[in-house]
Student: 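Pasting a structure below so you can have a look.
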Amino acid sequence: ELRRSHGDPRGEAVSLTMGLAHADEVVRVAAAEFLAEVVDDGGIATLVTKLSDDHLRPAAALALNKIFDEWANANKYDDEANKMDEDLAGLKTTPKVEAILNKNKARVIEVRAKASDIRHNIPASLDTPKIQDALTTVLNDEKHPAAQIEAAKALESVGRLSGALEDALI
């Protein structure tokens, strides 16, 4: 709580990892939900590496699920804004429709802002090198098959695969 009062989001994330390991499921879920509000791609990569730790795997998987849920929810708004942009780009501007077009363009900005608010620090694309490298490491670790399964589940959210990550999954 002390770290939170100083406004250090990294401090909040560090204290939340203890909540993820708590025996009480309600505490774990609350910690995972709050972590989704402060985590960045480096934090996501760290959580992915925790999938290889037998004691932290359930907590890391729970946190990743919450993070990926937030990411997917934000992407719905991004998709809506992109579709609106496409629709508006094809319209011919005339003095009669200019006010309507401007109103809709303002709506696109609002929808993109909503996506950003939901996403917080989570990158717009989960195929960042940090996350892909962490998933590749876990997928290549044959000593932890349960971690490999959780990493493979995480790939569903990551989307586009390339290079070493694609090879590791295959």
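Atoms considered below: every heavy atom in the structure, side chains included; atoms not considered: hydrogens, waters and symmetry mates.
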Student: Under the rule for side-chain hydrogen bond (donor to acceptor under 3.5 Å, both in side chains), what residues qualify as partners of Asp41, not counting sequence neighbours?
Tutor: none
Student: Looking at every heavy atom in both Ala115 and Tyr77, which two are closest together, and how far apart are they?
Tutor: CB-CB, 3.7 Å
Student: Could you pull out the closest heavy-atom pair between His120 and Ala36, with the gap in Å?
Tutor: CD2-O, 4.3 Å
Student: Could you measure the distance from the CD1 atom of Ile67 to the CD atom of Glu33? Nearest 0.5 Å is fine.
Tutor: 11.5 Å
Student: With Glu37, which residues qualify under salt bridge (Lys or Arg N to Asp or Glu O under 4.0 Å), at least two apart?
Tutor: none
Student: In chain order, what residues pass the side chain to side chain contact (heavy atoms under 4.5 Å, CB included) check against Val97, with sequence neighbours excluded?
Tutor: Thr94, Leu101
Student: Which pairs pass side chain to side chain donor-acceptor pair (under 3.5 Å) with one or both residues in residues 103-116, sequence neighbours excluded?
Tutor: Asn82-Arg112, Asp85-Arg112
Student: A side-chain contact here means heavy atoms from C-beta on lying under 4.5 Å apart; do Pro145 and Gln148 qualify?
Tutor: yes
Student: Taking all atoms of both residues into account, what is the closest heavy-atom pair of Ala74 and Arg119, and its distance?
Tutor: CB-NH2, 3.6 Å
Student: If you round to the nearest 0.5 Å, how far is OG1 of Thr93 from CD1 of Ile100?
Tutor: 11.5 Å
Student: Could you tell me which non-hydrogen atom of Leu51 sits nearest to which non-hydrogen atom of Ala151, and how far apart they are?
Tutor: CD1-N, 3.8 Å
Student: Spell out, as yes or no, whether a donor-acceptor pair under 3.5 Å connects the side chain of Asn73 to the backbone of Asp69.
Tutor: no
Student: Can you name the side-chain hydrogen bond (donor to acceptor under 3.5 Å, both in side chains) partners of Asp24, sequence neighbours left out?
Tutor: none
Student: Looking at residues at least two apart in the chain, or sitting in another chain, which of them share a side-chain hydrogen bond (donor to acceptor under 3.5 Å, both in side chains) with Asn65?
Tutor: none
Student: Restricting to non-hydrogen atoms, name the atom on Ile44 and the atom on Val39 that form the minimum distance, rounded to 0.1 Å.
Tutor: N-CG2, 3.6 Å
Student: Kindly write out the residues that satisfy side chain to side chain contact (heavy atoms under 4.5 Å, CB included) with Ala63, not counting sequence neighbours, or none if the list is empty.
Tutor: Leu20, Ala32, Leu35, Leu47
Student: So, Asn75 side chain and Asp78 main chain: donor-acceptor pair closer than 3.5 Å or not?
Tutor: no
Student: Closest approach of Val138 and Thr49, non-hydrogen atoms and distance?
Tutor: CG2-CA, 4.1 Å
Student: Taking side-chain hydrogen bond (donor to acceptor under 3.5 Å, both in side chains) as the definition, give me every residue that meets it alongside Asn102, ordered by chain and number, with sequence neighbours left out.
Tutor: none
Student: Tell me, please, which residues at least two apart from Asp87 pass salt bridge (Lys or Arg N to Asp or Glu O under 4.0 Å).
Tutor: Lys83
Student: Just jot down the salt bridge (Lys or Arg N to Asp or Glu O under 4.0 Å) partners of Arg57, sequence neighbours excluded, or say none.
Tutor: Asp54
Student: Under the salt bridge (Lys or Arg N to Asp or Glu O under 4.0 Å) rule, collect the residues that match up with Asp117, sequence neighbours excluded.
Tutor: none
Student: Following the transitive rule for hydrophobic clusters with a side-chain heavy-atom cut-off under 4.5 Å over Ile, Leu, Val, Met, Phe, Trp and Tyr, establish whether Leu62 and Ile149 coincide in one cluster.
Tutor: no
Student: Count I, L, V, M, F, W, Y as connected when their side-chain heavy atoms are under 4.5 Å apart, and connections chain through other members. Are Phe68 and Ile122 then in the same cluster?
Tutor: yes
Student: Determine whether Glu80 and Met84 satisfy the following criterion, side chain to side chain contact (heavy atoms under 4.5 Å, CB included), listing intermediate values before the conclusion.
Tutor: CA-CA 6 Å; Glu80 179 183 340; Met84 291 170 66; 4.0 Å; yes
Student: Does anything in residues 139-150 form a salt bridge (Lys or Arg N to Asp or Glu O under 4.0 Å)? List the pairs, not counting sequence neighbours.
Tutor: Glu150-Lys153
